[in-house]
Amino acid sequence: MLGYELLVTADLPGADLPRASTRLRVVPGTVPALRLRVSPVLAAAGDKVAAELIRGPGFASSGRTLPKELVLTHRKGTAKEKVDDQHKATLTVPADAEGWCEIAGGGVRALVYVRPKGDLSVAVTPARATYAP
């Protein structure tokens, strides 16, 4: 079997429980043919988000091609930007965007959270100064 095998043991000092163990088998993962990295992942409306397409070792043999543009999708619309020769694009978060936004292209996607314009603030005032238990 390819991968890793780990012996995991649970031992609680001072407990009257028998010592337990199990074998954990983990198969190695694979590097995807194409990935998308964005920065920052926490943005505000009007911020610029840098997106970079990263080709994995199997990209050439997968038959895929790099997308010509990336699309930022949010609840109220979309914004597009062309990918340059270094496989990067800089997208501006629209002024009306808030919440989760998706940047996608070429079958890969990344998420960016856009802070809402108004922060939620909550104040709690009790009816009495003290309460009995």
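In this text, all values refer to a predicted model and were calculated from it rather than measured experimentally. By convention here, the first residue in the shown sequence is residue 1.
- Across all non-hydrogen atoms, the minimal contact from Ala43 to Val49 is CB-CG2, 4.4 Å.
- Note on Leu7 and Tyr4: separate hydrophobic clusters, where clusters join Ile, Leu, Val, Met, Phe, Trp and Tyr whose side-chain heavy atoms are under 4.5 Å apart, directly or indirectly.
- When all heavy atoms of Ala44 and Val93 are compared, the pair lying nearest together is O-CB, 3.9 Å.
- For the residue pair Thr92/Lys48, the side-chain donor-acceptor check at 3.5 Å is satisfied.
- Residue Leu72 comes nearest to His74 through the heavy atom pair CD2-CD2, 3.9 Å, listed as atom of the first residue, atom of the second, then distance.
- Val108 and Leu70 end up in the same hydrophobic cluster when Ile, Leu, Val, Met, Phe, Trp and Tyr side chains are linked at under 4.5 Å.
- Counting only heavy atoms from C-beta outward, the side chains of Arg75 and Asp96 never approach each other to under 4.5 Å.
- Looking only at distances, no side-chain donor or acceptor of Arg64 sits under 3.5 Å from a matching main-chain atom of Phe59.
- More than 12 non-hydrogen atoms from other residues, nucleotides or ligands lie less than 6.0 angstrom from NZ of Lys117.
- Atom CD of Gln86 sits about 12.0 Å away from atom CG of Leu53, to the nearest 0.5 Å.
- Minimum heavy-atom separation, Ala45 to Ala97: CB-O, 4.1 Å.
- Put simply, the side chain of Pro40 does not reach to within 4.5 Å of the side chain of Leu42, judged on heavy atoms.
- Within 6.0 Å of atom CZ in Arg109, 12 or fewer heavy atoms from other residues, nucleotides or ligands are found, so the atom counts as exposed in its surroundings.
- In this structure, Lys82 NZ and Glu69 CD are separated by 6.0 Å, a value rounded to the nearest 0.5 Å.
- Between Lys76 and Glu98 there is no salt bridge, since none of the side-chain N atoms of the basic residue sits less than 4.0 Å from a carboxylate O of the acidic one.
- The minimum heavy-atom distance linking Gly56 with Val31 is given by the pair CA-CG1, 4.2 Å.
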Q: For side-chain contact (heavy atoms from CB on, under 4.5 Å), just list the numbers for Glu102 and Leu111, CA-CA rounded to whole Å, side-chain angles, deciding distance to a tenth of an Å, and then say yes or no.
A: CA-CA 5 Å; Glu102 177 187 64; Leu111 298 174; 4.0 Å; yes
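- Leu66 and Val38 fall within a single hydrophobic cluster, where Ile, Leu, Val, Met, Phe, Trp and Tyr side chains are chained together by heavy-atom contacts under 4.5 Å.
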**Q.** CA sep, side-chain torsions, deciding dist, call: Val71, Ile103, side-chain contact (heavy atoms from CB on, under 4.5 Å)
**A.** CA-CA 5 Å; Val71 180; Ile103 298 175; over 6 Å; no
Q: Please assess Leu36 against Ile54 for the test side-chain contact (heavy atoms from CB on, under 4.5 Å), listing each intermediate value before the final yes or no.
A: CA-CA 6 Å; Leu36 179 60; Ile54 303 168; over 6 Å; no
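- Of all the heavy atoms in Ala33 and Ser62, the pair that sits closest is CB-OG, 4.0 Å.
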